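Just below is one structure, and these are the notes that go with it.
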Amino acid sequence: MGLTLAQKLIKAHLVDGEMKVGTEIGLRIDQTLTQDATGTMAYLEFEAMGIDRVKTEKSVAYIDHNTLQTGFENADDHRYIQTVTKKHGIYFSRPGNGICHQVHLERFGIPGKTLIGSDSHTPTGGGIGMLAIGAGGLDVAVAMGGGAYYIPMPKMTRINLHGCLKPWVSAKDIILKVLEIMSVKGGVGKIIEYGGDGIKSLSVPERATITNMGAELGATTSIFPSDEITLAFLKAQGREKDWTEILPDEDAVYDEIINIDLGELVPMAACPHMPDKVKTAEEIGKIKVDQVAIGSCTNSSFVDMMKVARILKGKTVAPNVSLCIAPGSKQVLNMLALNGALSDMISAGARILESACGPCIGMGQSPNSGGVSLRTFNRNFEGRSGTKDAGIYLVSPEVAAASALTGYLTDPRELGEAPEAAMPEKFIINDNMIEPPASPEEAESVEVVRGPNIKPFPKTQPLPDEITAKAVLKVGDNITTDHIMPAGAKILPYRSNIPHLSQYCFAVCDESFPERIKSEGKGFIIGGSNYGQGSSREHAALVPLYLGVKAVITKSFARIHAANLVNAGILPFTFKNEEDYDKINQMDELSLPNIRERIENNEPVVLKNLTSGEEYELVSSHLSERQRKMLLCGGLLDYTREITNKPKGL
C-alpha cells in the first residue's frame, strides 16, 4: 500500500511514535516562523529554556501584526524581537517587509520540509509542498531548541479538483466550496491533500490561498504536490535549487475522498459570522456595501493584486464605499509600483495600506457601526473587525473589486470580460529588509532589549491531588480564540503583558468574567463543541492560566487550542456523554477528586457537581502519555526543564 503525499513527509521526519491514526507522533522540524503578536512570548519561552542558538535549518521572525504604533508598546516589542533573534540565530523580517506567510512562501519555503509557525495560517506553506502546521508559541520555542513537535497522527483526506475554473471564479471560491462541504469542524484530525487534473491550472499563490484557509476547516494542515507548477514559482523567485518533486504514490489510500468540478463553481461569499456560512453571490443578492478590504495572507499575492488593479483601472470607487488595499509583501508592493498597477488603484480611490495583516486582525480599518464589509480575508468572526455589529463577508478579490465599484455585493460576471493576470516569469528579488542573525561569536556581545511592556510568563505549578472550584463561565459551540482572547488595535499591543490582557478575557461573551474569576481565585470553564477554533494564539490559554482557570470541560476541542491548554498546564476534558453539558449551570461548584492520581495512572476521570449532587464521566483519552506528564509537572515549560535538568525560574 502506497503513501499519501503527507504520509511521505511525516515518515521522513518521524522521530517518535508510529504512523497510526490518533496516536501521538513526534516530528523533526526543519523551519519555524513567528509573528509579532505571538512571537514575543515565544522568544521569552525560548530564552527560559537556556539554549544559546536555534537548532533548526531556518527560523524567521516576522513583524506584520502589531505594526500600528499608537504608543511605545509595539515598538518596544519589535526591538525585543529584533535583538533576541539576532542573538539566538534567527532571521528577522523587518516591519514593512510583508505578511509572514506571503514572505515565507516567496523567500524561504522549500518543498518537502517541515514548518511550524506560531500562527494558525502557517499551512499556507502547503501550497508549495511543505508540511506546514500552525502551533502554539511554546511548541515553536521547543522546536527552535531542537525538540520534536507532537501531534496526533491525522487521517488523510483527498480532495480531487477536476477541470478548470471559469472566468471570474478564483481559488478563494474553491476553498469556500470546501468549507461549505466540510464545515469549520470537518477537518479536525485530518490533513487535506489536493490532487486531480484541476491542480495543474492553479499557480502556487492560488494553491496557497486554498491551503491558507484550510485552517478554517480545523485541519492539521493542507498540502499540494510539488510539481512543475511549484518549480515555475521557485524559478521565478530565483530559488529553483530548492525544488524537489514530491507526489503521492499512485496506490495511496485515503480515509476520505471528495471530488469537486471546478467548472461548476461560481463566485461565492462566507456570510457573517463564520467562514462556513457559504452562499453564492447570486443567492446573497445586491446588499449595500460600506467597506471593501483587499489583502491578508489569503489574497495579497501579486496575481491577486493585478486582477484588482485591472478591474479598477479607469474607474472610481462608489461614493458609499471605503476601499482599502494591503499588498502582501514588499516584493508585491514594489512590483505594483513599478508596473503602474499601484497608480491604477490609487486613481480609482483606493486607500493603500502597508504590507501587513492590518484589518484582518482588527488592526485598523474597522467598519462603521452596523456596516457591511466585504473582505478577502480568512475569518469573519463576530467582533474581529473591531466593530461588533458589523456584517463581515469573506469574498474573492474579484468580488471585492467589482463590489467596490458598484457599491453593492456584485457577482463579477456581470462586468463582462474577466481581466487576465498571470504569474510573472521573474519576481523582483530584494531581501534587504530581512536581517540575518549574528554569528555565534558576535552573538555574545548582542544585548537583548526589553521594554517595560514585557512581563514574565504566568506562574505554573504541579497538578494538585484534587481541584474544587466553580464553573465560572459556561459558553456554547464554536467558541473561537477571538472570543477567549480578542485581537484588535486596543488589545494586540499587550500580547507580551499577560496581566493587562487578562481584563479582556472572554469580554466578547461576558464582560464580567475577568472580575468574577479574580474574585473566586480559580475556576472551571464549561464549553460546547469545537471549543477554541481559529487562531493558534497561546494567549487564549496563558491568560486563563493567569486568571486561575484549572480545567476546561467541553463537548469537543479544536486541535491547536487543546494542545495550548496542556502546554499551559490547564486540564482539557470532554464529556463522555454530551448531554451532561446541559446539566451544569454557571457558578455550580465542581470537584475533580484524586485528579493527580487519575491523570498519572490514566484512570477514568469523574467530575462531581457539588451543587446538584450529580457526577459526570469525563474523557481524557486524547491526552498522550507525554501530555499527561506535562500536566503533572504544570505544563510544557516545567516538563522541558525537568527532562533537561534546567534550573527553574524565568
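All values reported here derive from a predicted model rather than from experimental measurement.
Listed by chain and number, the residues in a side-chain contact (heavy atoms from CB on, under 4.5 Å) with Glu256 are Thr157, Met182, Lys190, Ile258 (sequence neighbours excluded). When the ring-ring contact (aromatic ring centres under 6.0 Å, His included) test is applied to Phe224, the partners found at least two apart in sequence or on another chain are Tyr194. Applying the ring-ring contact (aromatic ring centres under 6.0 Å, His included) test to His561 and every residue at least two apart in sequence or in another chain returns Tyr531. Partners of Ile429 according to the side-chain contact (heavy atoms from CB on, under 4.5 Å) rule, which considers only residues two or more places apart in sequence or in another chain, are Arg107, Gln237, Gln331, Phe427, Asp431. Not a single ring-ring contact (aromatic ring centres under 6.0 Å, His included) links Phe381 to another residue, sequence neighbours left out.
Distance alone, capped at 3.5 Å, is enough to place a donor-acceptor pair between the Asn380 side chain and the Cys271 backbone. Looking only at distances, no side-chain donor or acceptor of Asn530 sits under 3.5 Å from a matching main-chain atom of Phe557. Remark: side-chain polar atoms of Gln7 are not paired, donor with acceptor, to backbone N or O of Ile10 under 3.5 angstrom. Checking side-chain atoms of Thr376 against main-chain N and O of Gly295 turns up a donor-acceptor pair under 3.5 Å.
Salt-bridge formation is detected for the pair Glu414/Lys286: a Lys NZ or Arg NE/NH1/NH2 atom is positioned less than 4.0 Å from an Asp or Glu carboxylate oxygen. A salt bridge links Glu228 to Lys200: one of the charged nitrogens lies within less than 4.0 Å of a carboxylate oxygen. Using a 4.0 Å cut-off between charged side-chain N and carboxylate O, Asp344 and Lys315 make no salt bridge. Using a cut-off of 4.0 Å between Lys/Arg side-chain N and Asp/Glu carboxylate O, Lys185 and Asp276 are scored as not salt-bridged. Between Asp249 and Lys8 there is a salt bridge, since at least one side-chain N of the basic residue sits less than 4.0 Å from a carboxylate O of the acidic one.
A side chain to side chain donor-acceptor pair (under 3.5 Å) with Ser120 is found for one member of Arg537, Arg559, Gln533, Arg379 and no other, namely Arg379.
Heavy atoms of other residues, nucleotides or ligands lying less than 6.0 angstrom from CD of Glu282 number 12 at most. Residue Glu425 places its CD atom among 12 or fewer non-hydrogen atoms of other residues, nucleotides or ligands, all under 6.0 Å distant. No more than 12 heavy atoms of other residues, nucleotides or ligands lie within 6.0 Å of NZ in Lys235, so this atom counts as exposed by the packing criterion. A 6.0 Å sphere centred on NZ of Lys288 holds more than 12 heavy atoms belonging to other residues, nucleotides or ligands.
For the ring-ring contact (aromatic ring centres under 6.0 Å, His included) condition, no pair includes a residue of residues 326-348, sequence neighbours left out.
Contact between Tyr149 and Gly134 at its shortest, heavy atoms only, is OH-O, 3.6 Å. Taking all atoms of both residues into account, the shortest heavy-atom contact from Pro225 to Leu247 is CB-CD2, 3.7 Å. Of all the heavy atoms in His65 and Ile361, the pair that sits closest is O-CD1, 3.8 Å. Heavy atoms only, all atoms of each residue included: Ile191 and Ala6 are closest at CG2-CB, 3.7 Å. Listed here is the closest heavy atom pair of Cys297 and His121: SG-CB, 4.0 Å.
Counting heavy atoms from C-beta outward, Leu131 and His13 have side chains that stay 4.5 Å or more apart.
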(request) Evaluate the side-chain hydrogen bond (donor to acceptor under 3.5 Å, both in side chains) criterion for residues Thr406 and Thr410: first the C-alpha distance (whole Å), next the side-chain angles of each, then the deciding distance (0.1 Å), finally the verdict. (result) CA-CA 7 Å; Thr406 63; Thr410 300; 2.5 Å; yes
